[in-house]
Amino acid sequence: MELKRGSSSHSAYHLGPALKEGEERRTLSVLVDNEAGVLARVIGLFSGRGYNIESLTVAETDHTGHRSRITVVTTGTPMVLEQIKAQVDRIVPVHRVRDLTSEGPSVERELALVKVANVGDHRVESLRVKDAFRAQVVDASLESFVFEVTGSPEKIDAFIDLMRPLGLVDVSRTGVAAISRGPEGM
Amino acid sequence: MPTNTNSNTMTGAEIVIKSLIDQGVEVVFGYPGGAVLPIYDELFKQNQIEHVLVRHEQGATHAAEGYARSTGKPGVVLVTSGPGATNAVTGLQDALMDSIPMICLTGQVPTFMIGNDAFQEADTIGITRPCTKHNWLVKDTDDLAETMHEAFYVATNGRPGPVLIDIPKDVQFASGTYVGPRGVKPAGYQPRVKGDTAAIQAAVELMEGAERPLFYTGGGVINSGPHASQLLRDLVKATGFPITSTLMGLGAYPASGDKWLGMLGMHGSYEANWAMHDCDVMICVGARFDDRITGRLDAFAPNSKKIHIDIDPSSINKNVRADVPIVGDVGHVLEDMTRIFRSRGAKTNKTAVAKWWGEIGEWQAVKCFEYEGSTDLIKPQYAVERLAEAMKKHGDYYVTTEVGQHQMWAAQYIPFDAPNRWMTSGGLGTMGYGVPAAVGVQIAHRDSLVVDVAGEASFMMTMQEMSTAVQYKLPIKIFILNNERLGMVRQWQQLLHGERYSSSYSEALPDFVKLGEAFGCGGIRCDKPGELDDAIAEMIAYDGPVIFDCLVEKHENCFPMIPSGKAHNEMLLGSRASGGGGDISKAIESDGAVLV
Ligand SMILES: Cc1ncc(C[n+]2csc(CCOP(=O)(O)OP(=O)(O)O)c2C)c(N)n1
Ligand SMILES: [Mg+2]
């Protein structure tokens, strides 16, 4: 698999620094009723109005109240970002929109499953890198590993970069999950 | 009537009717088909709700819009699955853009067939998701009543808009439990109506110091109800500030009021646009800085502080940055604003404002709506002026329009002194809006004069609704400014495309008088200025719907005009007001040409 540096700017997971002038990157947390089509409403809004989606994760987080949490990383000028929040907020099944980037400190994590096929020195070296990144081996054969690595998107980018010359064949990333620091909930 | 009146268990179709009755619905505009037959069966068995059979589902949506805009109540539409639903899409988007409360009920194939390309199946929820405020697919009859009430809540609360409920046929047949409307509202949707007091206070302080203030109002005032219009009038009186309005807001402040500058925007008045450009404090009330209003954004009211009152937070800071944003319902905010303004002694900068009125007086003296008269041809402006005179003499009138030059002339030359009297497709600009909208208005106001100011091309998009008017004895008057042209398109081609009139004239037009007769309406033709007044009087007096074919000057342009990509102070005037025609063919530069 070829993953050239920089080519990922077209990918939904690209979190590199390439922002256009005047644009900022924000991580939004959106609490929604987990009803049919709610994700389509949010995504449709982004595509219909030409907003960017750099990363998107969604899962039900409250099984009794049927609430899901959507984490979306987006970019835009401050005016556009304000528009995005207002537009998302007026979707009827959306309960709350929080801008984790601008509303105080938050943590962001992503998980990736990374497959390498290698033998010999490369195999040994990939295990060393795995240790340095505190990654786990979740599958192994005589000529391959699947590593599980968790961390900031930048850390995962770095891990993948190091694995590339060591026989990288496949990457699956979850996208960013984020939450604010401190005692307050959403 | 539901058959199980003593019990809360009823069929889905009965629940639909019972919900409508409990929501106070008196009329439904619709068209039957296989997927809504159970609901039509229930309609047949009752007589509290009138069903108006339109001739095309688009007509049902615009009729519901006309009904809603002229009454302040939501309009209700009932159509079948597949083609019924897709035909309703234009009206849904129209209502979305103009913030019209509408509930559209669509039939759907039975739940067990959804997704199998069944006969007359369409992904109605998917198709209408971006053109409704919200929509629901009801898969269980037990959820139907609550969804119906929620739909009314969402359509009418916050910024109003269209909603849609897709009801599979098996859900209409199955039994479920009915619940009443009390207390049903979606948990996630609670729009804010009260404005922030500190922000209102800040707004009042700006107004007190303003030297060149201007009220810029929109459809939000009308949506907020007659009370909001009254509050606006009181505040304008108390401050003595000039006021202009968007196309959608006409009538909130009376055109006969002494502070009225006329409509602003692309075809707005000279004085309104200049005042907008030069003002130092802009009080935007229920308007959304649409591109037809602002012209070139970086030159829009460059020296002004902007107060923006809107119930929809996403309207604020979208196109233009507000210095004092106030999220809330216009009525509530104006009430607080007036109270705070009075409690602080009703102060304004009187000397500066008087000087401002002096400047405005000079712009008013340009008389931007004057046009070259004619004794042998009917000028379209003259036709609208004479129509307005006749309507004023008649008294109680409602006006709908189609889309094009005639629409702008109607906005410029017909005065509205009350809200809810002017129905036009503003945001979407839908040709074909006017006839069905007039049907909806006349249903709600049986004894009033309802006139659709039409273009011959627009009229032909939905003219089948004349048959509806005849069936329900609705004496709507279709006043066609017949220039045998897609006039507005022709005007742009003259301005922008080297006078190459590509497909912008109406060939093979029908004989509108005979067409009127064929529909069973009146048909009147007039092509002489000297005969116009009598012909209009005849139209108004006619007992029934009329198609009036008013043959007008074919090449008249609509002025004033802010060409695309230009600022308010670069407005073009008609030859009369500018003292000799300018070269309009060079009015738009290439970078403006990409704009619509
Ligand atoms: C459904 C639809 N199609 C196309 C247009 C583009 N359009 C705007 S005005 C216009 C011409 C309207 O002609 P007519 O109704 O005769 O009015 P006039 O401008 O001549 O007064 C057209 C084609 C539109 N607004 N709506
Ligand atoms: Mg025409």
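Hydrogens, waters and symmetry mates are skipped; everything else that's a heavy atom, side chains included, is used. Reminder, nothing fancy here: chain letters follow the sequence lines and each chain counts from 1.
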Contact class of [X] relative to chain A, heavy atoms under 4.5 angstrom:
X: B:Asn135; value: both
X: B:Ile316; value: backbone
X: B:Pro186; value: side chain

Counting only heavy atoms from other residues, nucleotides and ligands, does the tally under 6.0 Å from [atom1] of [X] exceed 12?
X: A:Asp121; atom1: CG; result: no
X: A:Ile179; atom1: CD1; result: no
X: B:Lys139; atom1: NZ; result: no
X: B:Glu150; atom1: CD; result: yes
X: B:Asn116; atom1: CG; result: yes
X: A:Lys130; atom1: NZ; result: yes

Inset, instruction - Measure the shortest side-chain to side-chain distance between A:Gln83 and B:Asn317 over non-hydrogen atoms and say whether it is less than 4.5 angstrom. - result: no
Inset, instruction - Go through the steps for A:Arg90 and B:Lys133 under the test side-chain contact (heavy atoms from CB on, under 4.5 Å), then give the verdict. - result: CA-CA 9 Å; A:Arg90 74 180 187 149; B:Lys133 195 173 161 187; over 6 Å; no
Legend entry - Among A:Gly44, A:Gly48, A:Pro93, residue most engaged with chain B (heavy-atom pairs, under 4.5 Å): A:Pro93
Legend entry - Residue part contacting chain B, namely of A:Glu82, when any heavy atom lies under 4.5 Å: side chain
Inset, instruction - Please look at A:Val92 and chain B and tell me whether the side chain, the backbone, both or neither of the residue comes under 4.5 angstrom of a heavy atom of that chain. - result: both
Legend entry - Gap separating the CZ atom of B:Arg129 from the CD1 atom of A:Ile91, nearest 0.5 angstrom: 10.5 Å
Legend entry - Spatial distance of atom CG (A:Asp33) from atom OH (B:Tyr189) [nearest 0.5 Å]: 14.5 Å
Inset, instruction - Identify the two heavy atoms, one from B:Ser314 and one from A:Ala86, that lie closest to each other, and give their separation to 0.1 Å. - result: CA-CB, 3.5 Å
Legend entry - Minimum heavy-atom distance A:Met79-B:Arg321, with the two atoms named: CE-N, 4.2 Å
